[in-house]
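The structure appears below as structure tokens.
Labels below follow one simple rule: chain letters A, B, ... track the order of the sequence lines, proteins then strands, and each chain is numbered from 1.
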Amino acid sequence: MTAAVARPAAPALRAPAPVLAVRGLRKRYGPGCPRCSPPVGERCEACGSVHAVRDVSFEVGPGEVLGIVGESGSGKTTLLRCLRLDLDADSGTASLEGHGDLLRLDAVGRRRALSGSVAMVHQDDVAAGLHPQLSAGANVAERLLAAGEREFAPVRERCGRILSRMEVGRERHDDPLSTYSGGMRQRTQLARALIRPPRLLLLDEPTTGLDPSVQATVLALIADLLEEVEGGTVLVSHDFDVVSLLADRVLVMRGGAVVEEGLTDAVLEDPRHPYTRLLVASRLR
Amino acid sequence: MRPPTVAELAARHARSAPYAYLDERSKREVRRAILKALCIPGRQVPFASREMPIARGWGSGGLQVTLSCVGPGDVVKVIDQGDDGSFNAAAMRELIGSSADARTTTRTAEATLIQSRHRIPELPLRADQLLILQLPHPEPLRRVVSDPRRAARLHEAGDYTAAWLDLYDDEARHGAPRSGADHPVLVDRRALASPSPVPRHDVLRLSDRPHPILLGAGRLERIVAIPPHTDVRPLAFDDRPLRPEAFGGSCSRCGSETSYRVERELGGGRWECSDTDACAERRRGREAPT
Amino acid sequence: MYATVQASERLIAASRSLIGAAGAPATAPGLELLRDQVCAEAGVWAPEAAARALRQARGDVGRAVTLVRVWAATLPAHAAEPCDDASVRITRRVSAAFADIPGGQWLGSSPDFDSRLLDWGEADESPAAVLDGAGGAANGDPAGTGAPRRTALGRVGGLLRAAPGVGVAEPRDPGDGPDPFDEPLGSNPTREARQAALARGETGALVALANVALAGRREAVAGELCVGVAELCVPHPRSGRPVRVAEVPVSEATVCGDAEVDGTAGFALGFGISAGRVERRALAAAVIDATLEAGAPVGGLAELPALAAVDGLATSGFVDHLRLPHFASFASYLDRVRNPEGPR
């Protein structure tokens, strides 16, 4: 197995404090055992555990978009689920600016973090916390209401504006989300995530499952929006094209470990790790 | 004058049945729940509901609260949707009066203890009066959060986003909340509670009362209390206040234009006060602020 | 429940006397409502058969229902004429929605006036009196009170539909429904098929589902509860003219539930009907129907699973089947537990 390749980081003079700092994140599926240390991509012979995330560390700075790319089984989804507190990581820390270690928050702290500073866009609406039976506008309003906004008209106006900006026609804002197409639901998720600027934006396969023609427009929209996000963004995708369009830096994951990381352009032009080369080469062009 | 002891009461009314129908242990259980509930206004306090000779769902919770509070010096009034004469109200009044050896009345001004289903008496109550409401659905989040344990955690955290969301959705799509009676209220600006299925007209009259309000849910085994002078306001956006019901005519019996009236027959045009005692007072021409 | 029912002693005495008028001594009112329940759940109006089945099943209602149903399946079936509202004699009709309804409220023999305290007084305990007490006759026509026929009373549901500014959800197209015992429900049951399934539903299941459905509604009120006696007619084999062959007590209820109609608050009307006088059955069925008409799930269940849950013959049978030997299938799962797949 080839060792992970890290490029020298771009010189960072007086680098700003990261929004998110992840250190030594590990997640294992299975009972675990004293001898548990299978090679990357394999199960432990003794206990059958799968090490889905192995000692992953990274930082995301303000305004930065970090892409995490890998195939299924790479651990990228597990990693994201740990970050959005859907799964309990086994060890490691994930410090979010203003909240301390996300992984060690109590229930109240979690709720505060997830309804305020952390926003997510996910290919599965319900996992993203959406309510299909409520109107799109109400879904967008949720984070404002959670933050304590108690005047109806201003909230409605803000929701209307941001949804329109996401190119969802006003006449549909009050329709239940369940009547929306996939592309419109993603736009609603974006509106909902961005109506209050998040400190950490998590995008999980944001365009997967959408029709190709719709993907292009949604991607362009996300690209525009990300330029305005002042917090950090973590984007997970199996699709190198999506990552190359949106991310400043990229982590390549395989079998739970990071095999290569660096600036997106650099990694794409000159992939060092064999696996990365494979991924880059297999992009359909 | 010192109130009678339990032993004196038992000796005096010399029956094999306990005073006020419930045995002492049951009464103690309810009283403890009431005291706790008064300390945490608007929050649901569980209690072990006893089987009552009226069915669960018919006011057994309110009745247990009443029976645990009533004494021989009390004057008891029971109303059902404002009406003293309803059969269910009469049966409960009879049970309370006879088992507690207490006087009963239909006149709000005379009563010291008023048990009511789904209405607040129109006559403003005094500090020495106790209002007990029958509460069928103690959980105000029941329609938006289906898991009761999750609802309990949200109450603990004071996180009522789900309720605000539901209200926002109604306001956006229908221009107003779709609730008729039983519009949820914020008690002491902190706890979301069901005020019981009283009409909106009554929800707007719950705040800052000089007397305590106790709510008993027998079927779902919860007690809720609102101490005197507590802020109680309907869940509503600041710029979308809760609108009370509109009426199509003054009361055909007493002429009131401000009481809560119901139409006797759909489209019949005849409106009547729902609170029969308040209506009767007005008819008698006595002072009864409307 | 009925705020307008005034506690007049005369009224209560009259109501209680109607129980006696059914032909049984007042101290031993018999088990006629249990018989009604068995008939309703079996989908067959045959009080003597139900009484006999209850004795044979030693009081087990589920078994008694099966006995009656199985026996009925052996009998030749004749199609009856649709029951004409004009022939239904009302014994009771109340509304919790309005104090006054066209046709009036008729108290009849109200179950609410029965004491809820267990009576340890003298009772006639001979089995015959207990089970056959009310015979096959319906619960007495309150003769002399001029109780009207059903058609004379109108329907509260119709009132709401006609009221200006009130939106009522349109029911799905009415039509003739299949007998659920002859035809399967299918994946998209008609409203009539749903009604038929509810009418024969197991009482406990109906009540349980109605309860969970009520917890999720904003509003559910009994617009109308009506108990009457319906005449069942079959065409004469020779002349073809309708001949009355039975008088069946029937309970029906209309529940007005909240629903979104044309994007605003409105009503969904639920209808419930059951043979016999166990009113709770009709009320529960109406609540379930109103919930489904409003497009809401019944306690989280969609229509088909909800209707399956009230099919008493199926549900009792399946629970009972757990007593059968499961040795082989159980051993297979036990093997799975003991020998999990090893690591590859």
Evaluate whether atom CZ of R170(A) has more than 12 neighbouring non-hydrogen atoms of other residues, nucleotides or ligands under 6.0 angstrom away.
yes

Compare all side-chain heavy atoms of V140(A) with those of Y168(B) and state whether any distance is below 4.5 angstrom.
no

Using a cut-off of under 4.5 Å on heavy-atom pairs, state which of L165(B), L167(B), D166(B) scores highest against chain A.
L165(B)

Provide the closest heavy-atom pair for A172(B) versus D174(A) in the form atom of the first, atom of the second, distance.
O-OD2, 3.5 Å

Search all heavy atoms of D239(B) against all heavy atoms of F152(A) and return the closest pair with its distance.
OD1-N, 2.6 Å

Verify the neighbour count for atom CZ of R126(B): are there more than 12 heavy atoms of other residues, nucleotides or ligands below 6.0 Å?
yes

Between R173(B) and Q133(A) the two heavy atoms that sit nearest each other are NH1-O, 3.9 Å

Report yes if some heavy atom in the side chain of R111(A) is under 4.5 Å from a heavy atom in the side chain of L154(B); otherwise report no.
yes

What is the minimum heavy-atom distance between S135(A) and D169(B), and which atoms define it?
OG-OD1, 2.5 Å

R104(A), CZ: over 12 other non-hydrogen atoms inside 6.0 angstrom
yes

Check whether H131(A) gets within reach of chain B through its side chain, its backbone, both or neither, counting any heavy atom under 4.5 Å.
side chain

Just wondering, do R150(A) and W164(B) contact through their side chains at under 4.5 Å, heavy atoms?
yes

